[in-house]
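Just so we're clear, the structure is a prediction, and the values are computed from it rather than from any experiment.
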Amino acid sequence: MRSEWKASERVALSLFARALEAHGIPPIHAPEISDAPDALFLVKGEIIAVECRYIAHPELLKFLGKRHILENRAYEILLPREPHLWVRNAIEEKHPYIPKYLARTGAREVWLLLHSSHQHKILRNDRSEGSEFFELLCLGAHLLPHGFTRVWFAELGESHTRAVEIYGPDLPKPTVNIDDYIAKFPPYPLDHIWFVPATVNASSSGEKSVTINLNNPATDPVCIQPIDSRFQIDYVPYLSNPMRNSDLSGLKWAFYDDRPSY
């Protein structure tokens with residue numbers, strides 16, 4: 001068992017507690033629990049177990065977890081926009097442990113606290129509450145039956161950090177249609193990301209600066225395929241275009257008939 005939280009979990013749990021306080025529900029934290037589940041809170045007199053989970057595309061997780069990432073060099077990433085599947089996969093992974101969390105803590109309920117990372121912001125300004133993207137994020141918690149009473153999401157980006165509830169007994173099920181959303185962004189909803197692990201240099205006068213050459217990327221673009229197995233993106237036309245830019249023109253996709261239902 002871990003004796004302390006990861007840095008991302010600490011930030012996510014802090015945002016979660018602040019969000020409850022803002023709603024007039026100050027939670028009381030039980031510090032003796034920091035793993036399996038990640039936290040224990042007293043909320044309105046009830047013991048609540050809270051488990052944390054970072055969400056993203058699994059291939060992006062693998063990339064960000066690499067040890068040999070060059071500093072001050074840009075990595076171009078083409079990332080399928082599938083927040084509903086990131087949430088679904090997290091729930092699928094954590095749901096089997098709910099009986100263990102309840103037995104270990106005596107909690108009445110288990111809540112799932114999903115969160116982004118400092119490297120990959122998920123809820124940027126145009127994706128806040130009311131947007132189709134946010135509705136997709138919430139819909140992910142409805143795609144599989146599970147035992148979490150509530151699901152929260154914490155955005156850990158440097159700006160607009162916050163925690164919001166995306167699933168609960170008093171929240172309506174989102175009405176956004178997944179296939180209609182996909183159809184709006186041919187060949188597929190994609191985010192064009194530049195990931196740059198930078199070193200901050202300080203001059204003798206104390207001024208700080210970062211020098212990055214975007215014309216000299218560290219590798220070829222990292223082209224990630226959708227989690228949704230109905231789709232396969234042909235990135236070759238885009239990669240072979242020397243004048244390619246962020247509009248992702250030239251991409252093609254294939255649609256398979258053996259599509260699963262949600």
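Going from atom CD of E132 over to atom CG of D126 covers 12.0 Å, rounded to the nearest 0.5 Å. Considering CD1 of I28 and CD1 of I48, their distance stands at 12.5 Å, rounded to 0.5 Å. Once rounded to the nearest 0.5 Å, the distance linking CG of L64 with NE2 of H120 reads 8.5 Å. Distance CZ/R81 to CH2/W86: 9.0 Å, rounded to 0.5 Å. Rounded to the nearest 0.5 Å, atoms CD1 (I193) and CD (Q119) are 11.5 Å apart. With rounding to the nearest 0.5 Å, the separation of NE2 in H57 from CD in E82 is 5.5 Å.
Inter-residue side-chain proximity for K173 and Y167 is flagged as unmet; no heavy-atom pair is nearer than 4.5 Å. Using a 4.5 Å cut-off on side-chain heavy atoms (C-beta onward), L78 and I224 make no contact. Residues I77 and P221 are not in side-chain contact: their nearest non-hydrogen atoms beyond the backbone lie 4.5 Å or more apart. Side-chain atoms of L190 and L79, non-hydrogen and from C-beta on, never get closer than 4.5 Å to each other. When side chains are defined from C-beta on, D220 does not count as touching L239, because their heavy atoms never get closer than 4.5 Å. No side-chain heavy atom of I233 sits under 4.5 Å from any side-chain heavy atom of C223. Here the side chains of I227 and P58 are in contact, with some heavy-atom distance below 4.5 Å.
Comment: R127 engages D191 in a salt bridge, judged by a side-chain N to carboxylate O separation of less than 4.0 angstrom. Between K62 and E59, at least one side-chain nitrogen of the basic residue sits less than 4.0 Å from a carboxylate oxygen of the acidic one, meeting the salt-bridge criterion. Under 4.0 Å is where a charged nitrogen must lie from a carboxylate oxygen, and between D38 and R10 no such pair does.
Remark: the backbone N or O of C138 is not paired with any side-chain donor or acceptor of H84 at under 3.5 angstrom. Listed for the E46 side chain is no donor-acceptor partner under 3.5 Å among the backbone atoms of V43. No donor-acceptor pair under 3.5 Å is formed between the side chain of D228 and the backbone N or O of F231.
Counting all heavy atoms, side chain and backbone alike, G106 lies closest to I47 at O-CD1, 4.3 Å. Minimum heavy-atom separation, R88 to L144: CG-CD1, 3.6 Å. Here the closest heavy-atom approach between residue A56 and residue L61 is recorded as CB-CD2, 4.0 Å. Heavy-atom minimum distance, P174 versus E135: CB-OE1, 3.4 Å. Residues W152 and A19 share a closest heavy-atom pair of CZ3-CB, 3.6 Å.
F148 meets the ring pair (Phe, Tyr, Trp, His ring centres under 6.0 Å) test with H146; sequence neighbours excluded. Residues meeting the ring pair (Phe, Tyr, Trp, His ring centres under 6.0 Å) test with Y97, sequence neighbours left out: none.
The only member of L123, L15, T161, I122 that meets side-chain contact (heavy atoms from CB on, under 4.5 Å) when paired with L156 is L15.
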Before you tell me yes or no, could you show the steps for D170 and R150 under salt bridge (charged side-chain N to carboxylate O under 4.0 Å, His left out), namely the whole-Å CA-CA distance, both residues' side-chain angles and the distance that decides it to 0.1 Å?
CA-CA 10 Å; D170 46 358; R150 299 183 185 273; 2.9 Å; yes

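Checked against the 6.0 Å centroid criterion, the rings of F153 and H115 do not qualify as a close aromatic pair. Aromatic ring centres of Y181 and F133: separated by at least 6.0 Å.
Y101 and E109 share no donor-acceptor pair across their side chains, judged by distance under 3.5 Å alone. Residues S116 and E155 have side chains that bring a donor and an acceptor to within less than 3.5 angstrom of each other.
Between F195 and F63, the ring-plane angle classifies as perpendicular under the 30° and 60° cut-offs.
Under the 4.5 Å side-chain contact rule for hydrophobic residues, I25 and F41 share a cluster.
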